[in-house]
Each structure stands twice: as C-alpha cells, then as structure tokens.
Amino acid sequence: MTRQTDIPALAQGVASGDRRALARAITLVESGRADHRADALALLGALGQEKQALRIGLSGTPGVGKSTFIESFGLMLTGMGKRVAVLAVDPSSARSGGSILGDKTRMDHLAREPNAFIRPSPSQTQLGGVARRSREAVALCEAAGYDVVLIETVGVGQSETVVAQMADLFVLLLAPAGGDELQGVKRGIMEMADLILVNKADGDLKTQATRTCADYAGALRLLRKRPQDPDGFPKALTVSAIEAKGLQEAWQEMATLADWRREQGIWAQTRRDQAGYWFAQDLRNGLLELVQNDAATAARMQQAQEDVQAGRKTPAAAAAEVLEPLADKLKN
Ligand code: GDP
C-alpha cells in the first residue's frame, strides 16, 4: 500500500514543533477520506501521548469577548515564555459551514507570535465529527509541545459538553449583566465551569461587572461541592480583555487548580475517563457508519423511518425489525 503522506516525516515535524507540519497534521485528521483516516491514525499512533499541555476549554456567547480575551491572555502567556495553541469547536459550522475562528480577522497580534499557533475551526457537517477532529487536533498540539491549548467554543449548550470532555479546565466567559440575567446561564453550564470570568470590567461597565461577578460567586457557592475542586472553587473573577487586567490573577487560579488536581490524581483520572468517553463515542459512531454504509440496511432503515412517521408502525417495533437481521448476522 502506498501512502500519500510520509507519516514518519510528518510525525517528526510535529514533534519538533514545526507549525507548518502541525497545520498539515490537523488538516489530515480533519479529512473525511478513508485513506486519510488511516494516515491520521498512524500519525497519532506514532506521536504517542507523553507530552501533556494544560487544556483549557473556553466558552461564552458571541460578543462576550472570547477572541479579545484569547488574544490578550495568549499574549500574556507567550510573554511568560509559554507556547500557546488555540483551537475552536464550532457547533454553528455544523449548520452553516461558517466558523467562529477564521472568517473574521481575529487575534492578529497573537497570530504573529512565533510561540503561538491558531487554528480556525473546521467546517463540518455534524457535531460528532467536529468533536472527534477537534480532540485529535488537541492531541496533535500536545505532541507538538504546546504548554497551553485553548479550546474555544460558542456557548449554545451542546458544544460545552463536548469541549469539557477534551479539556482539563473549563472557563466560562460572561458579560456584565443585570441581576435578572443570571438565570440566563443554564445551570448545567454553571456546574461545568471551574472558573467564571466576567469580562469587560473596565470603564462604565466596571461597577456592573463587579456586581455581576459577586452574583455569580454567590450562585457558585450554592452549587453542590464537586470532588474535583479544592476549597474555594469554582471561582468567579472579573477581567478586562481589552485592558489586559485580571489576566494574571485568572492564570494564577487556573494554575492553582491544575496543580491541585495533578497532586490529587484527579487530573490523570479525568483524562482516563475522557479517553473512555471518546472510545465509546468513536465506537458508537463507527458502528452506526458501518450499518449505514450497508445499502440493504440503509434502505430498511429509511423504510422503517417512513413507516413510523406515517403511523404504520410503532417506533419500537420498527427499530426492532431493522435490528433483528443485523443481530442474526452477528450471531453467525
Ligand atoms: P466574541 O464574539 O466572544 O469573540 O467577542 P469579541 O472578542 O469579538 O468581542 C466583542 C466585542 O466586545 C468587541 O467589540 C470587543 O471590542 C468588545 N470587548 C471585548 N473584550 C472587552 C473588554 O474587556 N472590555 C470592553 N469594554 N469591551 C470588550
């Protein structure tokens, strides 16, 4: 079998921290082609999992200041001598083909830093696919020796869960708001956050940001204590991405939390749990794909779907009819 990509050379390039090689490697894992898939798996296998970055998931609604924050925060980290990679998991690309990173000129300054790597989100057709590719892109950034991988997502619910499953820390960026807007953040999202950062704590918005931060700090104290938290976490802080204020403090909190989790073995356990989660996801998606790629089965599924929608069959009976011949096949 001839490979189109020289995998050992590409692996070498990624491992040595070459950004062009990393970009090519991510393109490879994002590809939907079967032969590329085989290459991608060979590449990920060749790179191994020895190097570990701090993976930070960052979520917030559009306009809250995610790109501004990533730019200032990223620049602060590169200023500290850290290598920073930025990736995006974009659920909207599943619908529109657009992306949160890349369609606007964002993070210009950070993009020019030799110690930073910014990757726009892939345009894909379904969240599951986007998720797998993003997770593999994270693994590639780690293998390339980045110290911090920022994984950005737009806050719409579904994508946060996916990002939380590939991150060590989950940061929620919020805007200053009136008290009644506190309920606008879904409880489930609040419960995922390790750190809430109320952005835009500057100028006229400063007082409001401080009050909002106190409200969220109060709300966080009401949540059930999680085993993955030391005393005082999760926390809420104010920041100003534009004025680069509060960023040191935010980083300090992240580092404290990460260190504590490492010492307690929670970090390693979480990564093991995440690996299990992704294995189950890949297996489920792969099984579904296998079944759907079988023309006869696909036709039966389609027929059963129509029967159910037309009221000719119950959902359970129709599903059983589709599955029965498959189960028989597996028995033989
Ligand atoms: P994103 O959609 O979450 O990526 O948000 P952007 O980073 O594009 O920012 C949205 C708007 O908020 C822009 O007009 C920014 O200039 C503004 N913004 C971002 N951070 C701050 C901040 O710290 N203070 C103030 N006052 N405005 C900010």
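One is the number of the first residue; the rest follow in order along the sequence.
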Residue pairs fulfilling side-chain hydrogen bond (donor to acceptor under 3.5 Å, both in side chains) with at least one residue in residues 237-248, sequence neighbours excluded: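 For residues 237-248, and leaving out neighbouring residues, the side-chain hydrogen bond (donor to acceptor under 3.5 Å, both in side chains) pairs sorted by first residue read D202-S240, E243-K245.
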Within-4.5 Å side-chain heavy-atom neighbours: [X] and [Y]:
{"X": "V149", "Y": "L54", "value": "no"}
{"X": "M107", "Y": "I70", "value": "yes"}
{"X": "K82", "Y": "Y146", "value": "no"}
{"X": "M301", "Y": "Q305", "value": "no"}
{"X": "Q292", "Y": "T297", "value": "no"}
{"X": "K329", "Y": "D294", "value": "yes"}
{"X": "V322", "Y": "Q302", "value": "no"}
{"X": "V84", "Y": "N115", "value": "no"}

Identify the two heavy atoms, one from [X] and one from [Y], that lie closest to each other, and give their separation to 0.1 Å.
{"X": "F170", "Y": "S59", "value": "CZ-CB, 3.7 Å"}
{"X": "G60", "Y": "K66", "value": "O-NZ, 2.8 Å"}
{"X": "W251", "Y": "M80", "value": "NE1-CE, 3.2 Å"}
{"X": "D229", "Y": "P234", "value": "OD2-CD, 3.5 Å"}
{"X": "V239", "Y": "A250", "value": "CG1-CB, 4.4 Å"}
{"X": "A236", "Y": "L220", "value": "N-CD1, 4.0 Å"}

Measuring from [X]:[atom1] to [Y]:[atom2], what's the distance to the nearest 0.5 Å?
{"X": "W278", "Y": "N285", "atom1": "CH2", "atom2": "CG", "value": "9.5 Å"}
{"X": "L140", "Y": "F117", "atom1": "CG", "atom2": "CZ", "value": "9.0 Å"}
{"X": "K51", "Y": "D147", "atom1": "NZ", "atom2": "CG", "value": "10.5 Å"}
{"X": "L58", "Y": "I151", "atom1": "CG", "atom2": "CD1", "value": "10.0 Å"}
{"X": "K235", "Y": "C213", "atom1": "NZ", "atom2": "SG", "value": "11.5 Å"}
{"X": "T270", "Y": "R261", "atom1": "OG1", "atom2": "CZ", "value": "6.5 Å"}

Kindly indicate, with the supporting measurements, whether the criterion side-chain contact (heavy atoms from CB on, under 4.5 Å) is fulfilled by F233 and Q228. CA-CA 9 Å; F233 280 92; Q228 68 268 36; over 6 Å; no
Under the side-chain contact (heavy atoms from CB on, under 4.5 Å) rule, what do V138 and L87 come out as? Steps first, then yes or no, please. CA-CA 8 Å; V138 171; L87 303 168; 3.5 Å; yes
Look at [X] together with [Y] and state whether they make a salt bridge at an N to O cut-off of under 4.0 Å.
{"X": "D18", "Y": "R20", "result": "no"}
{"X": "R271", "Y": "E142", "result": "yes"}
{"X": "K313", "Y": "E321", "result": "yes"}
{"X": "R37", "Y": "E136", "result": "yes"}
{"X": "D194", "Y": "R226", "result": "yes"}

Between [X] and [Y], do the side chains contain an N or O donor and an N or O acceptor separated by less than 3.5 Å?
{"X": "R272", "Y": "Q269", "value": "yes"}
{"X": "S134", "Y": "R119", "value": "no"}
{"X": "D307", "Y": "Q303", "value": "yes"}

Before giving the answer on salt bridge (Lys or Arg N to Asp or Glu O under 4.0 Å), spell out for D282 and R135 the whole-Å C-alpha distance, their side-chain angles and the decisive distance to 0.1 Å. CA-CA 12 Å; D282 273 7; R135 170 176 50 98; 3.3 Å; yes
Run the side-chain contact (heavy atoms from CB on, under 4.5 Å) check on K200 and I242 step by step: do they pass? CA-CA 7 Å; K200 309 194 183 184; I242 276 190; over 6 Å; no
Name the one of I196, V198, L197 that satisfies side-chain contact (heavy atoms from CB on, under 4.5 Å) with L172?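 That would be I196; it is the only one of I196, V198, L197 passing the side-chain contact (heavy atoms from CB on, under 4.5 Å) with L172.
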Do you reckon M192 sits in the same ILVMFWY cluster as V163, going by side-chain contacts under 4.5 Å, direct or chained?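 In one cluster with M192: V163, yes.
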